[in-house]
Amino acid sequence: MLTLKFITENRDDAIRRLNKKHFADAEKMIDEVIALNNNRRSTQKELDDTLAQINQVSKTVGALMQSGKREEAEIAKAETAKYKEISRELSAKMDNLAISIQNLLLQIPNVPKESVPEGTGADDNVVEKMSGINPTFNFEVLPHWELAKKYDLIDFELGVKITGAGFPVYKGKGARLQRALINFFLDEARNAGYLEIMPPTAVNEASGYGTGQLPDKEGQMYHCEVDNLYLIPTAEVPVTNIYRDVILSEKDLPIKNCAYTQCFRREAGSYGKDVRGLNRLHEFSKIEIVRIDTPEHSEESHKEMLSHVESLVQKLELPYRILRLCGGDMSFTAALCFDFEVYSAAQKRWLEVSSVSNFESYQANRLKCRYKTAEGKTELCHTLNGSALALPRIVAALLENNQTPEGIRIPKVLIPYCGFDIIK
RNA sequence: GGAGAGAUGGCAGAGUGGUCGAUUGCAGCGGUCUUGAAAACCGCCGUACUGAGAGGUACCGGGGGUUCGAAUCCCUCUCUCUCCGCCA
């Protein structure tokens with residue numbers, strides 16, 4: 001969430017930038033926050049003064065009792081009664097104000113950076129870069145779900161039997177390809193300086209709130225009600241929460257973590273051709289990269305993350321494009337976000353395989369993730385994360401783009417990881 | 001699942017109703033000494049809100065209560081540890 005300091009000191013700027021995100025009622029909500037906060041401040045002053053009175057009288061009571069002046073002590077005791085009544089009312093008022101402010105702040109999205117383009121939806125995203133060669137075929141190409149069946153790589157029906165739609169079963173070379181990609185992505189991340197983390201895939205409520213999946217996306221996560229745990233939709237949740245309520249030292253930044261986990265998404269409301277095959281799953285594998293950084297360096301970190309992700313799709317020899325998301329298409333919490341898409345030759349469409357975002361201090365404020373500067377000041381960190389990469393759509397593109405009459409060719413970089421160079 | 005113990009500052013660990021926001025040790029920071037380092041010695045060393053500042057207020061797992069006054073007493077919730085049971 002945005003900080004009160006930012007909102008109160010940059011009212012007009014905040015409203016203008018929220019409008020870029022096409023956030024309705026920006027002005028109304030910002031002004032309400034400011035009004036509530038002013039009220040909160042004056043109420044707190046009153047409350048603090050009242051409590052100070054009580055504390056002071058209490059001290060004299062103690063002193064009087066010790067010196068045996070009982071009657072005077074009794075008089076002093078009686079005096080606190082009226083202050084107590086006042087403080088009770090004031091603290092009730094304070095609690096209400098604090099809750100109202102918190103509720104409002106949770107509803108206000110992050111403000112986009114200046115470099116975010118104007119726009120209302122996916123069509124307004126700016127293509128930053130397009131690279132790689134779209135494959136051409138002189139035979140009839142099959143979509144990946146048919147290739148998966150033809151070569152017995154992925155069994156969607158079996159997944160339905162065991163669990164349900166969106167939980168595919170990978171078999172033989174299909175399973176080995178999964179493991180190869182996971183290891184390849186993890187090795188690449190480690191070589192780029194990321195510390196590998198293997199976190200739990202179920203998290204508690206506090207972690208869900210920490211990274212902002214709760215309360216907004218409650219319905220999108222699998223919830224184990226008996227123990228009140230949530231299956232993670234991304235490794236971002238457990239990994240970023242490592243730094244919840246932590247004050248880091250400036251010399252430790254940027255922190256660079258990577259993690260492979262299974263990810264679970266209910267995808268309530270999804271249907272149609274977008275969910276065919278591997279395009280949208282309830283459970284999938286993903287390698288996530290996470291950074292915690294200083295405000296001064298986070299932009300640089302973001303660039304490094306983008307070139308890391310770009311190197312992955314390049315090594316996999318996939319045609320790709322990088323989109324700079326417009327204000328209207330960005331997520332609630334991002335300040336700047338780039339999407340990577342790979343071209344899927346049989347489906348003839350772009351598939352999103354990575355989203356690399358800078359959240360600036362928005363997420364850190366909720367997480368209370370701070371760092372001590374060299375001068376000893378405590379400041380909010382910036383947090384960033386990105387997929388590097390999510391497997392299913394990469395697999396979809398690899399299968400479709402690399403199909404030949406002889407079989408499916410494995411990109412050179414993956415051959416040592418797979419242990420085979422063609423699927424036939 | 002059964003029984004017991006516990007939750008205090010980055011860590012360890014005192015504190016059982018009145019200058020306790022908290023003794024002490026370690027770690028950290030600054031300094032003296034040293035060619036440099038170590039050792040020794042001296043000083044500093046939680047977070048947040050509020051105030052121009054001095055300062056004020058809150059926080060000893062969370063919430064509630066008793067009291068003029070609570071880290072300390074009571075209730076409640078959560079979590080952790082130990083032992084037993086079950087088990088990958």
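To find a chain, count down the sequence lines: A is the first, B the second, and so on, and within it residues start at 1.
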Is there a Watson-Crick or G-U wobble partner for B:G21 with both distances under 3.5 Å, and which nucleotide is it? none
Can you measure A:D48 atom CG to B:G56 atom P for me and round it to whole angstrom units? 11 Å
Please tell me which of the listed nucleotides, B:G56, B:G69, B:C49, lies nearest to the side chain of A:R40? B:C49
Only one of A:T43, A:D49, A:D48 passes side-chain hydrogen bond (donor to acceptor under 3.5 Å, both in side chains) with A:K45, and that residue is A:D49
Counting Watson-Crick and G-U wobble pairs only, both distances under 3.5 Å, name the nucleotide matched with B:A70, or none. none
Can you measure A:L51 atom CG to B:U50 atom P for me and round it to whole angstrom units? 16 Å
Does B:U47 have its OP1 or OP2 closer than 4.0 Å to a side-chain nitrogen or oxygen of A:K377? no
B:C86 to B:A3 separation - C1' atoms, rounded to the nearest Å: 16 Å
Please check if the number of heavy atoms outside A:E300 that lie under 6.0 Å from its CD is greater than 12. yes
I'd like to know if the side chain of A:H223 pairs up with that of A:N228 as donor and acceptor (distance under 3.5 Å, no hydrogens or angles considered). yes
Would you kindly give the OH-to-C1' distance between A:Y371 and B:U47, to the nearest whole Å? 17 Å
Result for 5'-nearest mapping on RNA chain B, choosing between A:Q44 and A:K77, is A:Q44
P atom, B:U72 versus B:G63: distance in rounded Å? 13 Å
Can you tell me if A:R244 and A:N241 form a side-chain donor-acceptor pair at under 3.5 Å? yes
Do A:N358 and A:S298 have side-chain N/O donor and acceptor atoms under 3.5 Å apart? yes
With rounding to whole Å, what would you report as the distance between B:G46 and B:A37 at their P atoms? 27 Å
Partner lookup for B:A3, please. Criteria are Watson-Crick or G-U wobble with both distances under 3.5 angstrom; report none if nothing qualifies. B:U82
When the P atoms of B:G56 and B:C68 are compared, how many Å lie between them, rounded to an integer? 24 Å
Can you tell me the base-pairing partner of B:C26? Count Watson-Crick or G-U wobble geometry only, both distances below 3.5 Å, and say none if there is no partner. B:G10
5'-most contact on RNA chain B (nearest-nucleotide basis), A:T80 vs A:N37, goes to A:N37
Give one of base, sugar-phosphate or nothing for A:L47, where a contact means two heavy atoms less than 4.0 Å apart. nothing
side-chain N/O A:K372 vs B:C29 OP1/OP2, d < 4.0 Å: no
What nucleotide, of B:U50, B:A48, B:G18, holds the atom closest to the side chain of A:R370? B:A48
Write down the distance separating the P atoms in B:U67 and B:G62, rounded off to the nearest Å. 23 Å
Whole-angstrom distance between B:C29 and B:C77, as gauged at atom P: 45 Å
Measure CG/A:L64 against P/B:G69 and give the value in whole Å, please. 15 Å
Atom-pair distance (NZ on A:K59; C1' on B:G56), nearest Å: 11 Å
Distance below 4.0 Å between A:N55 side-chain N/O and B:U57 OP1 or OP2: yes
Of the candidates B:G69, B:U50, B:G18, the side chain of A:V61 sits closest to B:G18
How long is the line joining CG of A:L90 and P of B:G56, in whole Å? 20 Å
At under 4.0 Å between heavy atoms, what does A:A52 touch on the DNA or RNA strands: base, sugar-phosphate, or nothing? sugar-phosphate
Base, sugar-phosphate, or nothing: which does A:T378 touch, judged by heavy atoms less than 4.0 Å apart? sugar-phosphate
Write down the partner of B:U57 under the Watson-Crick or G-U wobble criteria, each distance required to be under 3.5 Å. B:A48
Would A:R265 and A:E283 pass as an ion pair if we require N to O under 4.0 Å? no
Using Watson-Crick geometry (N1-N3 plus N6-O4 or O6-N4) or G-U wobble (N1-O2, O6-N3), each under 3.5 Å, B:A40 is paired with B:U32
Whole-Å distance between B:C49 P and A:D49 CG? 18 Å
Under-4.0 Å side-chain N/O to phosphate OP1/OP2 contact, A:T60 with B:C68: no
Taking the six-membered ring of A:Y151 (Phe, Tyr or Trp), confirm whether the NZ or CZ of A:K424 is under 6.0 Å from its centre and within 45° of its axis. no
Taking atom C1' of B:G56 as reference, at what distance in whole Å does atom CD of A:E46 sit? 15 Å
What integer number of Å spans the P atoms of B:U50 and B:G2? 47 Å
